[in-house]
There are 2 protein chains.
Amino acid sequence: MQPTQDILSEELKQTARFAKALGHPIRLAILELLNSQACCFHGDMAEILPVAKSTLSQHLKELKNAGLIQGNISSPTIKYCINRENFELAKQLLSSALK
Amino acid sequence: MQPTQDILSEELKQTARFAKALGHPIRLAILELLNSQACCFHGDMAEILPVAKSTLSQHLKELKNAGLIQGNISSPTIKYCINRENFELAKQLLSSALK
DNA sequence: TTCTCAATTCGTAAAAATACGATTGAAGAT
DNA sequence: ATCTTCAATCGTATTTTTACGAATTGAGAA
């Protein structure tokens with residue numbers, strides 16, 4: 001075995017993080033919704049997606065942790081948006097991983 | 001909640017399966033190795049990647065199940081290769097999910 | 001201040017992923 | 001037929017993921 005850093009580079013780990021975040025149908029559906037601007041609010045998504053609201057919150061949290069989305073308070077709701085910068089980065093990293 | 005099939009399409013589920021398979025650093029490293037033709041054999045990979053052989057086998061199995069790689073027996077070893085068709089499909093689906 | 005509503009967090013359970021060493025299996029070499 | 005050798009599978013443990021309903025929080029409305 002070689003030293004970890006040689007093979008498992010930071011770039012590769014970041015790519016894996018993004019891929020993992022994308023690795024669930026619900027989360028992809030969330031991104032699709034946000035990307036199409038069809039909706040931005042937790043409540044609206046909860047009506048469309050076949051999961052409980054608490055589960056939806058968990059998926060939103062994971063996407064936030066991965067940096068793919070962000071939420072802006074717009075009382076009484078929260079407006080979710082794609083984080084374009086990281087979304088682009090994810091696209092780049094994944095497309096380069098699949099080159 | 002709407003009927004599942006409307007939102008969670010087969011395409012979206014397939015995309016999630018690919019993304020999930022890509023969502024681990026070791027598996028990305030495997031694909032990188034296979035893609036660069038630097039090596040193709042389980043034993044060679046086991047020397048390079050910082051995991052036990054049995055763990056490596058598990059990751060190879062997951063990549064196989066996802067359709068991203070395939071193994072051809074070449075006694076006494078097994079030659080692993082990228083499954084180009086599905087690799088392309090994954091690239092396509094993911095890039096379209098991140099459009 | 002109290003009420004209401006949206007969203008998150010908590011508590012919990014079940015399933016899946018990750019990892020390892022030991023064992024087994026399959027194929028060629030002796 | 002027996003011995004090697006490579007890789008997969010088994011058995012197991014730990015951690016993470018996924019999911020739900022209940023309880024909490026926070027901000028504006030009454």
Side-chain angles (χ1 to χ4, degrees), chain A residues 1-2 4 7-8 12-13 15-31 33-34 39-81, chain B residues 1-4 7-8 12-31 33-34 39-81:
Chain A
M1 293 193 205
Q2 279 196 314
T4 296
I7 296 296
L8 303 184
L12 190 137
K13 286 188 218 163
T15 309
R17 270 192 288 274
F18 281 137
K20 196 174 186 183
L22 297 172
H24 193 289
I26 293 287
R27 291 197 287 271
L28 285 178
I30 290 169
L31 290 176
L33 283 169
L34 294 182
C39 101
C40 277
F41 301 106
H42 180 274
D44 294 344
M45 293 191 255
E47 278 173 33
I48 293 170
L49 300 169
V51 285
K53 288 181 178 191
S54 57
T55 306
L56 176 56
S57 273
Q58 275 183 133
H59 285 303
L60 289 170
K61 192 179 179 180
E62 287 208 42
L63 287 170
K64 253 189 290 182
N65 288 343
L68 290 170
I69 66 171
Q70 58 199 72
N72 306 92
I73 293 164
S74 157
S75 262
T77 66
I78 291 178
K79 189 171 162 190
Y80 279 103
C81 307
Chain B
M1 295 191 203
Q2 280 195 316
T4 296
I7 296 297
L8 305 183
L12 190 138
K13 287 188 218 163
Q14 179 58 62
T15 309
R17 270 192 288 275
F18 281 137
K20 197 174 186 180
L22 298 172
H24 193 289
I26 294 288
R27 291 196 289 271
L28 284 179
I30 291 169
L31 290 176
L33 284 168
L34 294 183
C39 99
C40 276
F41 301 107
H42 181 273
D44 295 342
M45 292 191 257
E47 277 174 33
I48 294 171
L49 300 171
V51 285
K53 288 183 179 188
S54 57
T55 305
L56 177 56
S57 274
Q58 277 183 131
H59 286 302
L60 288 170
K61 191 180 180 181
E62 287 207 43
L63 286 171
K64 253 190 288 180
N65 287 343
L68 290 169
I69 66 171
Q70 59 199 71
N72 306 94
I73 294 163
S74 158
S75 261
T77 66
I78 291 178
K79 188 171 161 190
Y80 280 102
C81 306

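Residue numbering restarts at 1 for every chain, and letters A, B, ... go by the order of the sequence lines.
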Report summary line: Smallest heavy-atom separation, Ala16(A) atom then Leu28(B) atom, equals N-CD1, 3.4 Å
Query raised in the report: Considering all heavy atoms of both residues, which atom of His42(B) and which atom of Leu56(B) are nearest to each other, and what is their separation?
Result: O-CD2, 3.6 Å
Requested in this report: Please determine if a side-chain N or O atom of His59(A) lies less than 4.0 Å away from the OP1 or OP2 oxygen of dA19(D).
Outcome: yes
Query raised in the report: His24(B) side chain N/O closer than 4.0 Å to the phosphate oxygens (OP1, OP2) of dA17(C)?
Result: no
Query raised in the report: Could one point to a donor on the side chain of Gln58(B) or the base of dA19(C) with an acceptor on the other under 3.5 Å away?
Result: yes
Rounded off to whole Å, could you give me the [atom1]-to-[atom2] distance for the [X] and [N] pair?
X: Glu62(B); N: dA16(C); atom1: CD; atom2: P; answer: 12 Å
X: Lys61(A); N: dC10(C); atom1: NZ; atom2: C1'; answer: 10 Å
X: Ile73(B); N: dA27(C); atom1: CD1; atom2: C1'; answer: 9 Å
X: Leu63(B); N: dA8(D); atom1: CG; atom2: P; answer: 12 Å
X: Arg17(B); N: dA17(C); atom1: CZ; atom2: P; answer: 12 Å

Remember a base hit wins even if backbone is also touched, and classify [X] as base, sugar-phosphate or nothing at under 4.0 Å, heavy atoms.
X: Ser75(A); value: sugar-phosphate
X: Lys20(B); value: sugar-phosphate
X: Thr77(A); value: sugar-phosphate

Query raised in the report: To the side chain of Ser54(B), which of dA7(C), dA7(D), dT9(D) is closest?
Result: dT9(D)
Query - Heavy-atom side-chain proximity of Leu60(B) to Met45(B) below 4.5 angstrom - result: yes
